[in-house]
There are 2 protein chains.
Amino acid sequence: MVKIVDISLDSSLKDTKCQTLADDVFMQLRTAIVKGDIASGSKINEPQLANSYGISRGPLREAIRRLEGCKLVEIRPNAGARVVSLNKSQVLEIYEIRESLEGLACRLAADRSTPESCTALRELLARQEQQMQSASWQQSYQHEGDVDFHYLIVRLSENQRLFELLCGELYYLLKLCRARTSAQPSRHERAFREHYQIVDAIEGKDGELAELLMRRHIANARSTLLSQHQPQNGDISQEQL
Amino acid sequence: MVKIVDISLDSSLKDTKCQTLADDVFMQLRTAIVKGDIASGSKINEPQLANSYGISRGPLREAIRRLEGCKLVEIRPNAGARVVSLNKSQVLEIYEIRESLEGLACRLAADRSTPESCTALRELLARQEQQMQSASWQQSYQHEGDVDFHYLIVRLSENQRLFELLCGELYYLLKLCRARTSAQPSRHERAFREHYQIVDAIEGKDGELAELLMRRHIANARSTLLSQHQPQNGDISQEQL
DNA sequence: TTTGGTAAAATTGTTGACAAATTAAGCCGT
DNA sequence: ACGGCTTAATTTGTCAACAATTTTACCAAA
């Protein structure tokens, strides 16, 4: 697999120092949640988890409070924390927000585009195309490529708070959803074409068009996700109410 | 002062149960921060604060972690937490996000408007006008009215996550800014006219127009805020870096 | 069998004490 | 007097034990 230098933007999020146990276990738990290793709606048992990670309950509770800040768990007083379980309408709400914010990010990225940033985008597209042409491309890779594309756009917006909001909070929620629902392979080629159009608009410094295309791109993704019914999660979210 | 029934939407945020010390002190600290009782950029001393609130450091640390989730404090490992201090460009970033999200909220509110919601909006406008006509209207009241208007719009969008994002996170950051910078009185009449136009668009179920007007309304507020230089905060934020 | 209450177990909330790291103070040499 | 080092004090991070609440298990009565 081709590894382009620092287009993978995870570094800016992953290098949160593991100096403190609370932050360390926070990241481990976040990974476990978005990967689906901890089921949606499942209760978080403090003594059990603390024992599992070999730490005390103090740092663990702080980690859980940080997860609550990312909206990945819900805490009820004297009843503990549960991993969030999103039903279809809640995912729709997130997509509405995402459509608006990534449209903004895309417009800003277009307004502030430079030859260097466009080169980085083109390289990412090339990498994406290469993945699609390879016979044994797995869905996870495609998803990673898609995520990287959106990460890069948001970073090129040069709005730090927007970056934190999308890449530090909303994207983890979407990862959580994606880990539960199966991807629709037919959408990949279409998504690639849309990415290509978006980069063209950014390179042309056409902010309005870039925003429009990104919004439509996300609206398309939402429609695809909406058309397929997710059997397992909708019910679980009802149970916990 | 006239008190209309439950147009004040704070209840949905304030009634977070004070059953646990951590949540209680979290809300107290949040109020103290946004009101300016704790200075921007100032360090948070755990033993001192814990003693001040008469609690132990455990719950206090959890409260601080929740404040970090709201982006009201910044925590650095082994160095403690500091109240955020936003310079002008950071406030601008927030306004960009706000313009996008409240535009979305306004469009949704228009699409889903009912006679009842429009009545509530009209009552709020009447209250606002009454405040403006009264001779001794103070800036704080006007700000409260303005905040209530935006709260109501966001709630009428019926997007729960959007509500939490704006009213549970971003608005507190803006309150923090407003507490530091002096309001510009000349803008109030203009803001009221803009509110009126927005309600008209919502009542007419014209989502596109409502979104446009709200975006312009916030862009105007941003321009006003941008034109006045804030003397004290810009430097403080430099110090802490 | 079901229902209700009671007691036991488990879990969450809270506390104070200890360890590690950072910051401040003091000292010495130049 | 100034800079750098050592040491002391403060502060943060972590832990284990205690208190309070909730959940579960159990038994008796209808």
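Residue numbering restarts at 1 for every chain, and letters A, B, ... go by the order of the sequence lines.
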Regarding A:Ile44, tell me which of base, sugar-phosphate or nothing describes its non-hydrogen contacts under 4.0 Å with the strands shown.
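Result for A:Ile44 = sugar-phosphate.
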Heavy atoms under 4.0 Å, any strand shown: does B:Pro59 hit a base, just sugar-phosphate, or nothing?
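Base contact - B:Pro59 has a heavy atom under 4.0 Å of at least one base atom.
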For the pair A:Glu62 and B:Arg65, find out whether any cationic side-chain nitrogen is under 4.0 Å from an anionic carboxylate oxygen.
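Here A:Glu62 pairs with B:Arg65 in a salt bridge, since their nearest N and O are under 4.0 Å apart.
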Any carboxylate oxygen within less than 4.0 angstrom of a Lys/Arg side-chain nitrogen, looking at B:Lys71 and A:Glu169?
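A salt bridge is present here (some side-chain N lies under 4.0 Å from a carboxylate O).
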Quick one, which residues of residues 48-58 of chain A touch DNA chain C with a heavy atom under 4.0 Å?
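Residues of residues 48-58 of chain A under 4.0 Å from DNA chain C: A:Arg57.
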Would you kindly give the [atom1]-to-[atom2] distance between [X] and [N], to the nearest whole Å?
X       : N      : atom1 : atom2 : value
B:Asn78 : C:dT22 : CG    : P     : 5 Å
B:Glu46 : C:dA17 : CD    : P     : 17 Å
A:Ile64 : C:dT11 : CD1   : P     : 13 Å
B:Glu62 : C:dT15 : CD    : C1'   : 12 Å

State whether [X] places a side-chain N or O below 4.0 Å from either non-bridging phosphate oxygen (OP1 or OP2) of [N].
X       : N      : result
B:Thr20 : C:dT12 : no
A:Asn45 : C:dT11 : yes
A:Lys43 : C:dA10 : no

Go through the structure and list residues passing side chain to side chain contact (heavy atoms under 4.5 Å, CB included) with B:Asp37, not counting sequence neighbours.
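With sequence neighbours excluded, B:Asp37 shows a side chain to side chain contact (heavy atoms under 4.5 Å, CB included) to B:Ala32, B:Lys35, given in chain and number order.
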Only counting residues at least two apart or in another chain, list the ones meeting side chain to side chain contact (heavy atoms under 4.5 Å, CB included) with A:Asp111.
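Applying side chain to side chain contact (heavy atoms under 4.5 Å, CB included) to A:Asp111 gives A:Arg107.
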Should the pair A:Phe149 and A:His195 be assigned to parallel (<30°), tilted (30 to 60°) or perpendicular (>60°) ring geometry?
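Taking A:His195 first and then A:Phe149, their aromatic rings lie parallel (interplane angle under 30°).
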Taking atom types as modelled, find out whether B:Arg180 and B:Ser40 have a side-chain donor-acceptor pair closer than 3.5 angstrom.
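Checked: B:Arg180/B:Ser40 side chains pair up, N/O donor to acceptor below 3.5 Å.
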When you check the side-chain N and O atoms of B:Asn159 and B:Ser157, is any donor under 3.5 Å from an acceptor?
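Side chains of B:Asn159 and B:Ser157: no pair found under 3.5 Å.
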For A:Gln48, check side chain to side chain donor-acceptor pair (under 3.5 Å) against everything at least two apart and list the hits.
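Once residues adjacent in sequence are excluded, A:Gln48 has no partner under the side chain to side chain donor-acceptor pair (under 3.5 Å) criterion.
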Run the side chain to side chain donor-acceptor pair (under 3.5 Å) test against B:Arg215 and tell me which residues pass, sequence neighbours left out.
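Here no residue qualifies.
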Start and end of the DNA chain D segment that chain A contacts, any atom under 4.0 Å from a heavy atom
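Range of nucleotides touched by chain A: D:dG13 to D:dT22.
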Identify, between A:Ala79 and B:Ala79, the residue whose nearest nucleotide on DNA chain D lies closer to the 5' end.
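With A:Ala79 and B:Ala79 compared, the 5'-side residue is B:Ala79.
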